[in-house]
Amino acid sequence: MMTRYKCVSAIVFMLVAVLMVGTAGCAPSVSDNGCAAVKAELDKANAELKKLRTELDEAKAKLTEAKAELGKIKAEVAAVKTASLEELLRQRRSIRDYTDAPLTKDEVMKLLWAGQGITTAWGFRTAPSAGALYPLELYVVAGNVDNLAPGVYKYEPKENKLTLVKEGDARASLAAASLGQSCVRDGAINIVIAAVYKRTTAKYGSRGERYVHIEVGHAAQNICLQATALDLGLVTIGAFEDTAVAKIIGMSADEVPLYVIPVGRIK
Ligand SMILES: Cc1cc2nc3c(=O)[nH]c(=O)nc-3n(C[C@H](O)[C@H](O)[C@H](O)COP(=O)(O)O)c2cc1C
């Protein structure tokens with residue numbers, strides 16, 4: 001009995017000892033370690049935050065610098081744009097001698113677009129027009145253009161495309177109708193500008209004729225400047241026989257030719 005009592009007491013003693021060690025010895029040390037770990041984590045986070053703040057400040061400074069640089073570049077671009085128009089005006093010259101090199105179709109379309117291209121949804125064009133009545137029609141006598149068969153084409157401003165009027169190279173006959181001027185024969189193309197007077201005179205009476213003549217100058221000048229920008233040579237020709245030119249082109253009865261403009265690569 002005594003031995004059994006001693007044994008139970010020993011077990012109880014041992015359990016109490018284990019519990020005491022557990023509560024009085026371990027618990028505080030676990031809590032200290034946790035605190036230290038959290039504190040270390042917090043310090044790390046603070047350091048990270050400080051680093052990020054520095055990086056943000058640096059990024060903000062760079063953004064300010066970039067904005068200033070962008071402002072400078074915008075001013076330079078505006079200056080170059082102005083200068084380039086002035087440069088084109090300075091460089092434009094009547095050129096009558098061309099190489100045998102072909103034009104590209106893209107160049108031809110750019111010239112036509114400059115003359116009468118549509119620039120707004122309503123249908124306003126690159127050149128001004130009295131009452132926005134647009135009396136001008138543009139034709140191309142193509143002879144030497146990549147990916148465009150020789151022929152006479154009409155420019156359709158609405159679709160910015162060409163419609164074939166006549167097949168075959170008409171440059172020689174157009175040159176003959178232009179008092180034999182060789183530049184008409186030698187140009188890779190000739191742009192022929194015609195006018196339908198009644199579109200304008202129906203509203204403005206005989207004064208409308210003056211408006212039509214002013215307008216052909218606007219369109220031709222646009223073509224001149226575009227050719228200069230594309231490094232192509234051209235000359236605006238007024239000396240030709242109207243009836244012969246109209247027939248060569250295949251113009252309708254109400255169209256009158258006003259300008260023949262040979263264009264080619266500068267010799
Ligand atoms: C209405 C008009 C008709 C012209 N007709 C011809 C012409 O038939 N043949 C020609 O070689 N040049 C013609 N020209 C081009 C002028 O001869 C040329 O513009 C002028 O000599 C000035 O040279 P620039 O264009 O190089 O400034 C004509 C120019 C205009 C404005």
> Which pair of heavy atoms, one from Ala114 and one from Gln226, lies closest together, and at what distance?
Replying inline: CB-CB, 3.6 Å
> Taking all atoms of both residues into account, what is the closest heavy-atom pair of Pro262 and Val235, and its distance?
Replying inline: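 Closest approach of Pro262 to Val235, heavy atoms only: CD-O, 3.1 Å.
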>> Does anything in residues 104-117 form a salt bridge (charged side-chain N to carboxylate O under 4.0 Å, His left out)? List the pairs, not counting sequence neighbours.
In response: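 Every pair satisfying salt bridge (charged side-chain N to carboxylate O under 4.0 Å, His left out) with a residue in residues 104-117: Asp106-Lys110, Glu107-Arg265.
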>> Tell me which pairs pass salt bridge (charged side-chain N to carboxylate O under 4.0 Å, His left out) where either residue lies in residues 216-240, with sequence neighbours left out.
In response: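 For residues 216-240: none.
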> Say you draw a straight line from CG of Asp146 to CG of Leu103; how long is it, rounded to the nearest 0.5 Å?
Replying inline: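 So the CG of Asp146 and the CG of Leu103 are separated by 8.5 Å.
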> At what distance, to the nearest 0.5 angstrom, does NZ of Lys166 lie from CD1 of Ile249?
Replying inline: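 CD1 of Ile249 is found 7.5 Å from NZ of Lys166.
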> Can Val245 be reached from Val196 by stepping across I, L, V, M, F, W or Y side chains whose heavy atoms are under 4.5 Å apart?
Replying inline: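 No.
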> For Ala149, what residues pass the side-chain contact (heavy atoms from CB on, under 4.5 Å) criterion, not counting sequence neighbours?
Replying inline: Tyr153
>> Going by the rule side-chain contact (heavy atoms from CB on, under 4.5 Å), which residues pair with Arg53 if we only count those two or more places apart in sequence or in a different chain?
In response: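 With sequence neighbours excluded, Arg53 shows a side-chain contact (heavy atoms from CB on, under 4.5 Å) to Leu49, given in chain and number order.
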> Quick one: side chain to side chain donor-acceptor pair (under 3.5 Å) pairs with a partner in residues 36-51, sequence neighbours left out?
Replying inline: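 Every candidate side chain to side chain donor-acceptor pair (under 3.5 Å) pair involving residues 36-51 fails, so no pair, neighbours aside, qualifies.
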> If you measure only the distance, is there a donor-acceptor pair under 3.5 Å linking the side chains of Thr163 and Glu156?
Replying inline: yes
> Without hydrogens or angle criteria, can the side chains of Tyr98 and Lys267 be said to hold a donor-acceptor pair below 3.5 Å?
Replying inline: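 There is no such pair between these side chains.
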>> Check this for me: does any side-chain nitrogen of one of Lys247 and Glu241 sit under 4.0 Å from a carboxylate oxygen of the other?
In response: no
Sequence neighbours excluded and cut-off under 3.5 Å, please list the side-chain donor-acceptor pairs for residues 167-195, or say none.
{"unit_1": "Asp169", "atom_1": "OD1", "unit_2": "Arg171", "atom_2": "N", "d": "3.0"}
{"unit_1": "Asp169", "atom_1": "OD1", "unit_2": "Arg171", "atom_2": "NE", "d": "3.0"}
{"unit_1": "Asp169", "atom_1": "OD2", "unit_2": "Arg171", "atom_2": "NE", "d": "3.1"}
{"unit_1": "Asp169", "atom_1": "OD2", "unit_2": "Arg171", "atom_2": "NH2", "d": "2.7"}
{"unit_1": "Arg171", "atom_1": "NH1", "unit_2": "Gly187", "atom_2": "O", "d": "2.9"}
{"unit_1": "Ser173", "atom_1": "OG", "unit_2": "Ala170", "atom_2": "O", "d": "3.1"}
{"unit_1": "Ser178", "atom_1": "OG", "unit_2": "Leu174", "atom_2": "O", "d": "2.8"}
{"unit_1": "Gln181", "atom_1": "NE2", "unit_2": "Ser178", "atom_2": "O", "d": "3.3"}
{"unit_1": "Gln181", "atom_1": "NE2", "unit_2": "Ala239", "atom_2": "O", "d": "3.3"}
{"unit_1": "Asn190", "atom_1": "ND2", "unit_2": "Val184", "atom_2": "O", "d": "2.8"}

>> Under 6.0 Å between ring centres: does that hold for Tyr197 and His213?
In response: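 Centroid separation for Tyr197 and His213: below 6.0 Å.
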> Does the salt bridge (Lys or Arg N to Asp or Glu O under 4.0 Å) test come out yes or no for Glu215 and Arg125, once each step is laid out?
Replying inline: CA-CA 12 Å; Glu215 287 185 36; Arg125 301 188 184 184; over 6 Å; no
